[in-house]
Amino acid sequence: MSTVVLESTLTCPECGHIKTETMPTNACQWFYECEQCRAVLKPQPGDCCVYCSYGSVPCPPVQEHSRQKGCCS
């Protein structure tokens, strides 16, 4: 059994700003506001949350189960 990583580094696709955040384990994060350019990030089609789309590590439920199941199923 592998360890779930709770920190992911988000990269804003608009301005390239990078920030490491702690991911929630009890909810999907569908929106994230970039602190530099204020762009509101949303998941890309096929992804369940902003961490799966823009993070260095997918969200905890996807790490545990799979990308097919997602984090909100």
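We number each residue from 1, following the sequence as shown. Just so it is clear, the model here is predicted, and its values are computed rather than measured. Only heavy atoms go into these numbers, but all of them, side chains included; no hydrogens, no water, no symmetry mates.
Annotation: the span from Thr25 atom OG1 to Glu64 atom CD amounts to 9.0 Å, rounded to 0.5 Å.
Across Cys59 and Met23, no two heavy atoms sit closer than the pair CA-SD, 3.6 Å. In this structure, Cys49 and Gln29 approach most closely via the heavy-atom pair CB-O, 3.3 Å. Considering every non-hydrogen atom in both Pro58 and Cys52, the closest pair reads CB-SG, 3.9 Å. Across every non-hydrogen atom of Phe31 and Val40, the tightest pair is CD2-CG1, 4.0 Å. Pairing each heavy atom of Val57 with each of Gln63, the nearest pair is CG1-NE2, 3.3 Å.
Looking only at distances, no side-chain donor or acceptor of Glu21 sits under 3.5 Å from a matching main-chain atom of Ser8. Panel note: side chain Glu7, backbone Thr20; no donor-acceptor pair is recorded below 3.5 Å.
The only member of Thr9, Leu41, Ile18, Thr11 that meets side-chain contact (heavy atoms from CB on, under 4.5 Å) when paired with Tyr54 is Leu41.
Residues Val4 and Val50 do not share a hydrophobic cluster, defined by chaining ILVMFWY side chains whose heavy atoms lie under 4.5 Å apart.
Within the 4.5 Å cutoff, the side chain of Tyr51 has heavy atoms near those of the Leu10 side chain. Residues Glu35 and His17 have side chains in contact (heavy-atom distance under 4.5 Å, counting atoms from C-beta outward).
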